[in-house]
Trainee: 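After the C-alpha cells below, expect a handful of questions from me.
Every chain is numbered from 1 and lettered A, B, ... according to where its sequence line falls, protein lines coming before strand lines. It should be emphasised that the depicted structure is a prediction, and the values quoted were computed from it without experimental measurement.
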Protein chains: 2
Amino acid sequence: MDKKLTIKDIAQLAGVSKGTVDRVLHKRGKVSQKALDSINAVLEQADYEPNLIARNLKNNKIYSICVVLPNPESDSYWQPCIKGIEQAKKEFKAFNLSISSYYFDPEDTESFIAVNKSVLNLAPDAVLLAPLFYKEALDAVEKYTEQDILVNTFNNQLESEEIRNFVGQDLHQSGRVAAKLIHSIAEKGQIAIIHFDEKIKNAVHMQEKEKGFRNYFSQKENSDYEVTTLKLKRKNYETKLEDFLKENPKLTGIFITTSKAHQIAEIIDKTKNNTISLIGYDLLDKNISFLNKGTIDFLINQNPKQQVYLGLSFLVDHFIFGKEINPSTLLPIDIVNSENASYYME
Amino acid sequence: MDKKLTIKDIAQLAGVSKGTVDRVLHKRGKVSQKALDSINAVLEQADYEPNLIARNLKNNKIYSICVVLPNPESDSYWQPCIKGIEQAKKEFKAFNLSISSYYFDPEDTESFIAVNKSVLNLAPDAVLLAPLFYKEALDAVEKYTEQDILVNTFNNQLESEEIRNFVGQDLHQSGRVAAKLIHSIAEKGQIAIIHFDEKIKNAVHMQEKEKGFRNYFSQKENSDYEVTTLKLKRKNYETKLEDFLKENPKLTGIFITTSKAHQIAEIIDKTKNNTISLIGYDLLDKNISFLNKGTIDFLINQNPKQQVYLGLSFLVDHFIFGKEINPSTLLPIDIVNSENASYYME
DNA sequence: AGGAAAAATGTGCTCGAACACACTAAATTT
DNA sequence: AAATTTAGTGTGTTCGAGCACATTTTTCCT
C-alpha cells in the first residue's frame with residue numbers, strides 16, 4: 001500500500017520544511033538556489049501530485065453558477081436541459097455548488113437582455129449560457145467578463161475571445177450525417193431540405209445544416225439526387241407543403257433542419273405516401289411517435305440534456321479541481337431510429 | 001453567500017457538542033433522549049449534508065481496483081478499453097485510487113483462470129471484470145466475494161447475486177436496431193444473419209442478437225424479407241460465403257453479429273455487388289474503412305471504452321462518495337455511419 | 001565589528017468529518 | 001456514605017494543502 005506523497009514527504013526528502021516546498025510549488029520565490037535544486041531533484045523523480053481533496057477543503061467557498069436558457073415551456077426542445085441540470089446538481093452536491101436556472105422567452109430579445117441583466121446583478125461565479133440572440137449575447141458576455149464572471153456557452157456557437165468553453169454539435173457535419181442517411185434510404189429522385197421555423201435566430205443553425213447536407217451530395221459525383229430548399233413558417237405551412245408535394249411528384253426524401261419534423265410527418269401521413277423518407281431533429285414526444293409509426297425514418301439527437309450537463313461538469317472541474325477548460329466540446333451526432341430511441345431519452 | 005452547515009453548526013443550534021451530533025449521525029448510541037430529540041429537530045429543518053471532501057480527506061485510504069479484460073492485442077475489439085481506463089485514471093487522479101489492468105487470452109480459458117487467481121492474490125478493493133468464460137467467471141466471482149472484494153462486470157452479462165453492477169448493452173435490442181436498419185435500407189428479398197466467430201463463448205452474444213433481429217421481423221406482419229442464418233468460421237469462410245452468395249441471388253442484406261464485418265465486406269467488394277446492404281458491429285479501423293468506402297452501410301457501436309470508463313466511475317462513486325451502485329447500466333446502442341463515426345472513436 | 005535590512009526558512013493554524021479518549025454526572029453496588 | 005460502574009458528553013487530534021506570521025540566516029553598509 002504505497003501511499004501518495006505529501007508535501008511533508010517531499011520536504012523531508014529534500015531536507016527542508018513544507019513551507020519551502022510550498023513556495024517552490026507555487027513559484028512564490030524567496031527560496032535559495034540550493035533549496036530549489038534539492039526540492040526540484042526530489043520532485044522530478046517522485047512525481048508528486050497535490051491532494052486535490054485537501055486543497056479543496058481549505059477553499060470552502062460556495063461556487064454559484066447560473067444557467068441561462070430559453071423557457072422549456074415555450075419550446076420543448078429545451079425540456080431535457082432541466083433533467084441535465086438536475087442530474088448535475090445531484091451528481092455534484094458533494095461539492096460546494098449552488099446551481100440555479102433562469103429562463104428567457106426564446107421569441108423575445110428583450111427578455112433575453114432582461115434575464116442576463118438580472119443574472120449579472122446576482123454576480124455569480126459563472127454563467128452557462130444558451131446564446132440564442134447573437135448580438136445581444138455578445139453584449140452580455142462582455143458585461144459578465146467585466147465583472148469577472150466566467151461564461152461558458154452551449155447549443156449555439158458564439159465567436160468571442162471571452163467564451164471559455166462551448167458545448168454543442170458541429171452543425172455542418174450534422175447536415176452531412178443527415179445527407180448520408182438520406183442517401184442510404186431514399187430512392188433516386190428529388191430531395192427537399194425544409195427549414196421550418198419562425199425564428200430568425202435559428203437561421204444560422206439551419207443554414208449550416210443545409211450547407212453540410214449539400215456538401216455531402218456535391219462530393220458524390222454521379223449523384224442521382226436533386227436537392228431543393230423549401231422554407232416554411234407556421235402560417236399556411238400546410239397548404240404550402242401540399243402544393244410543394246404536388247409540384248414535385250418525384251420527391252423521395254425530406255430533411256427537416258429543425259425539431260418540427262412531426263408537423264411535416266403529419267401531412268405526409270395524410271397523403272398516404274410511403275415513398276418519402278423523412279429525417280429530422282430531436283427526440284420530442286411527437287417526433288418519437290412518428291418515428292415509431294414509421295413516417296419519420298431517423299431523428300438526429302442534438303442532446304440538449306448532455307450539453308448542459310457537460311457544460312456544468314466542466315465548470316465543476318474548473319472550480320473544484322482546477323482543471324483547464326477545453327475551449328470547445330463537440331458532442332456526437334447520434335442517429336436515432338425507433339429501436340434505439342429510448343436510450344437517448346433517459 | 002449562505003455557507004453550508006457543518007457538524008459544528010448543528011451542534012451549536014442543538015446546544016450540544018459536535019461529538020454528540022456525530023454519534024447521532026452515525027447512530028453509534030450513547031446519546032440521551034433529550035439530546036437526540038433536539039439534534040433531530042435541528043437536522044430535520046436544516047437539511048445538513050456532510051462535506052464529502054472533508055470526510056474523504058480523513059479516510060485517506062488508497063482504493064485499489066483491478067480491471068480484468070482480454071488482451072487487446074489478441075482481439076482489437078478491446079483496444080478502446082485501454083483508453084477508457086486511461087481516461088478514468090486521469091479523471092479520478094484527484095482521489096486516492098490505484099487502477100491497474102490485467103489481460104487474459106480470450107482464446108484460453110486457463111489464462112482467464114490464472115489471471116483471476118493472481119488478481120485475487122493482490123487482494124484489491126474491487127475488480128472490474130469482463131466475464132468472457134461463463135462458468136469460470138462465476139467461480140472467480142465467488143472467490144472474490146469470499147475475500148470481500150467487490151466485483152463489477154462489463155460487456156458480458158453474468159447471472160450472479162454477487163455482482164454489484166453490470167455495464168453493457170441489451171443484445172436483444174441491439175439485434176432489433178440492426179433489423180430496423182436493414183428494414184430501412186435493404187430492398188425486399190432475402191436477409192442473412194452471419195455469425196462469424198470461432199469462439200464458443202461468444203455464442204450467447206450472437207444468439208441474443210439473432211433473436212432480437214428475428215423478433216423485429218416477426219412483428220412486422222406483411223414482411224417482404226426472408227431471414228436465414230449462416231455460421232462462418234475462419235477456415236474456408238471465403239469459399240463458403242461465395243457459395244452462399246451464388247445460391248442466394250436474391251440476397252439484399254447481411255447482418256454480421258460480430259466485429260468481423262470487414263472480412264465479409266472484402267468478399268462482397270470483390271463481387272462488385274452493390275445491392276447488398278451490410279450491417280456489423282464495432283468501430284475497428286478495418287470496419288471504418290469499409291464504412292467510408294460504402295460497402296458497410298452501418299456499424300453498431302458497442303462502446304467498449306465507455307463500458308470500462310463507466311464501470312470504473314461507478315466504483316469511484318461508491319468508494320469515494322458512498323453512493324449506491326446501480327445493478328445494471330445499459331448503454332445506448334449507437335448507430336454509426338461514415339459521417340458520425342469519428343465522434344465515437346474519441 | 002556592529003547593526004539594520006533583506007532573504008530564506010520554519011511553524012502553526014485553518015478547513016470539516018471522524019473517532020479516540022478524557023471527562024462529568026447519574027445510577028448502582030458494597 | 002463511599003466506591004464503582006455506566007451512561008452521556010465534550011475535547012483534541014488527524015488527514016494535506018495553503019498561507020500568514022515568526023524565526024533564523026545571510027547580506028550589506030557604516
Trainee: Would you call B:D9-B:K4 a salt bridge at under 4.0 Å N-O?
Mentor: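 Result for this pair is no, no salt bridge flagged.
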Trainee: What nucleotide among D:dC15, C:dC15, C:dT11 has an atom nearest to a side-chain atom of A:S17?
Mentor: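 Selected nucleotide: C:dT11.
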Trainee: What string of B, S and - do you get for nucleotides 17-24 of chain C, 5' to 3', if B is base contact, S is sugar-phosphate-only contact and - is no contact with any protein heavy atom under 4.0 Å?
Mentor: BBB-----
Trainee: Quickly work out the B:N56 CG to D:dG16 C1' distance and round it to whole Å.
Mentor: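 B:N56 atom CG is separated from D:dG16 atom C1' by 12 Å.
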Trainee: Taking NZ from A:K30 and P from D:dC21, how many angstroms apart are they, rounded to a whole number?
Mentor: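 For the pair A:K30 NZ and D:dC21 P, the rounded distance is 13 Å.
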Trainee: Write down the distance between CD (B:Q33) and P (C:dA26), rounded to a whole number of angstrom.
Mentor: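 Checked: the CD to P distance equals 17 Å.
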Trainee: Could you tell me how far apart A:K27 (NZ) and D:dG18 (P) are, to the nearest whole angstrom?
Mentor: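 Interatomic distance, NZ of A:K27 to P of D:dG18: 13 Å.
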Trainee: Under 3.5 Å, is there a donor-acceptor pair linking the side chains of B:Y77 and B:N155?
Mentor: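 Checked: B:Y77/B:N155 side chains pair up, N/O donor to acceptor below 3.5 Å.
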Trainee: Would a distance-only check, ignoring hydrogens and angles, find a side-chain to backbone donor-acceptor pair under 3.5 Å from A:D22 to A:K18?
Mentor: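 No, because the side chain of A:D22 does not come within donor-acceptor range (under 3.5 Å) of the backbone of A:K18.
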Trainee: Heavy atoms, side chains only, cut-off 4.5 Å: are B:I39 and B:L43 in contact?
Mentor: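 B:I39 vs B:L43: side chains touch.
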Trainee: Could you give the NZ-to-P distance, from B:K61 to D:dT14, as a whole number of Å?
Mentor: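 My rounded result for the distance is 22 Å.
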Trainee: Kindly say if A:S32 contacts the phosphate of C:dT9, meaning a side-chain N or O under 4.0 Å from OP1 or OP2.
Mentor: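 So the side-chain polar atoms of A:S32 do come within 4.0 Å of the phosphate oxygens OP1 or OP2 of C:dT9, strictly under.
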Trainee: Using whole Å, what does the distance between atom C1' of nucleotide C:dC15 and atom NZ of B:K4 come to?
Mentor: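 Distance, rounded to whole Å: 14 Å.
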Trainee: Please report the distance, rounded to the nearest Å, between NZ in B:K34 and P in C:dA26.
Mentor: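 About 10 Å, once rounded to whole Å.
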Trainee: Round to a whole Å and report the spacing from CD of B:Q12 to P of C:dG16.
Mentor: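 Whole-Å distance recorded here is 13 Å.
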Trainee: Is there a donor-acceptor pair under 3.5 Å between the side chain of A:Q12 and the backbone N or O of A:S17?
Mentor: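 Checked: no pair found.
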Trainee: Checking A:Q306 side chain against A:P332 main chain: does a donor-acceptor pair fall under 3.5 Å?
Mentor: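 A pair under 3.5 Å: no.
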